[in-house]
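One structure is given here, and the rest of the page talks about it.
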Amino acid sequence: SAVISQKPSRDICQRGTSLTIQCQVDSQVTMMFWYRQQPGQSLTLIATANQGSEATYESGFVIDKFPISRPNLTFSTLTVSNMSPEDSSIYLCSVRRGDTQYFGPGTRLTVL
Amino acid sequence: GESVGLHLPTLSVQEGDNSIINCAYSNSASDYFIWYKQESGKGPQFIIDIRSNMDKRQGQRVTVLLNKTVKHLSLQIAATQPGDSAVYFCAENIGGNTPLVFGKGTRLSVIA
């Protein structure tokens, strides 16, 4: 398995501001993923962040809105830029170990 | 995998009864499947997995069944307890290092 922590666990932000979410893993992993989970819904993949390469974004998500950093094999950040109320969601970091993915506890974001 | 849907379907079960949660997957090439449990305010947690060369796998109080003919996956929980109340997601690995594809999820509500 993998032990994954995220900061902050929750935040309430004003429209137009940006929030950076941190993801820390207990050991080195190549593949990391960022997901969004809107209330009562399943997980939607935002991007894949592999160390040493640019993040790969899914359809509907762009780097200007969700810039990602992956400076080393145990850490990544996701920034939600120029936030609007529609960005209110849970943001989840995930890592792949073998064939399995493990998830962090999530960051609950509310945008007013 | 299934696309992100609207609100989650709910399964209500009496405490002590068995629960069966179903999932349909779409990619016949998927070779690995996982069930996750997501409790309120937490990230998804790995429960049990199964490879495509198997049709059944048992864990502690949980059993996963795989029917490749109809692309169907189920999770059986024996003697359901209040602590089993959560949202359950199936996920499939369509191959290589691609991220898992998640199903819509089912909310299990245990009635005491």
Worksheet item: Which atoms of B:Gln38 come close to chain A, meaning under 4.5 Å heavy atom to heavy atom: side chain ones, backbone ones, both, or neither?
Response: side chain

Fill in: Over 12 foreign heavy atoms within 6.0 Å of CZ, B:Arg61
yes

Worksheet item: Where is the tightest heavy-atom contact between B:Leu8 and A:Gly40, given as atom of each residue plus distance?
Response: CG-O, 3.1 Å

Worksheet, complete the sentence: So the side-chain hydrogen bond (donor to acceptor under 3.5 Å, both in side chains) pairs with at least one residue in residues 11-20 of chain B (sequence neighbours excluded) are B:Ser19-B:Thr80

Fill in: Cluster link A:Tyr57 to A:Met83, ILVMFWY, side chain under 4.5 Å
yes

Item to complete: Indicate, with yes or no, if B:Tyr88 and B:Leu65 share a hydrophobic cluster defined by side-chain heavy-atom contacts under 4.5 Å among Ile, Leu, Val, Met, Phe, Trp and Tyr.
Response: no

Practice prompt. Select one option (side chain, backbone, both, neither) describing which atoms of A:Gln6 are under 4.5 Å from chain B's heavy atoms.
Written response: neither

Worksheet item: Quick one: does B:Lys42's side chain get under 4.5 Å of A:Ile90's, heavy atoms only?
Response: no

Worksheet entry | Spacing of CG belonging to B:Asp31 relative to CG belonging to A:Asp99, to within rounding of 0.5 Å | 7.0 Å

Discussion item. Could you measure the distance from the OG1 atom of B:Thr98 to the CE atom of A:Met31? Nearest 0.5 Å is fine.
Written reply: 7.5 Å

Fill in: Verify same cluster id: B:Phe33, B:Met54 (apolar side-chain graph, 4.5 Å)
yes

Response to the item:
To the nearest 0.5 Å, atom OG1 of A:Thr100 lies from atom OH of B:Tyr32 at 2.5 Å

Discussion item. When you measure from the side chain of A:Gln101 to the backbone of B:Pro99, do you find a donor-acceptor pair of N or O atoms at a distance under 3.5 Å?
Written reply: no

Practice prompt. Measure distances from B:Ile34 to the heavy atoms of chain A and classify the residue's part below 4.5 Å as side chain, backbone, both or neither.
Written response: side chain

Worksheet item: Can you find a heavy atom in the side chain of B:Val87 that is under 4.5 Å from one in the side chain of A:Ser42?
Response: no

Worksheet item: Honestly curious: do A:Leu73 and A:Leu78 fall in one hydrophobic cluster under the side-chain, below-4.5 Å linking rule?
Response: no

Practice prompt. Kindly check if the number of other-residue, nucleotide or ligand heavy atoms within 6.0 Å of CZ (B:Arg107) is above 12?
Written response: no

Worksheet item: Aromatic ring centroids of A:Phe103 and B:Tyr36 under 6.0 Å?
Response: yes

Worksheet item: Taking only residues at least two apart or on different chains, which pairs with a member in residues 66-85 of chain A satisfy ring-ring contact (aromatic ring centres under 6.0 Å, His included)?
Response: A:Phe61-A:Phe66

Fill in: Nearest atoms (heavy-atom pairs only) where A:Gln37 meets B:Phe89
NE2-CZ, 3.5 Å

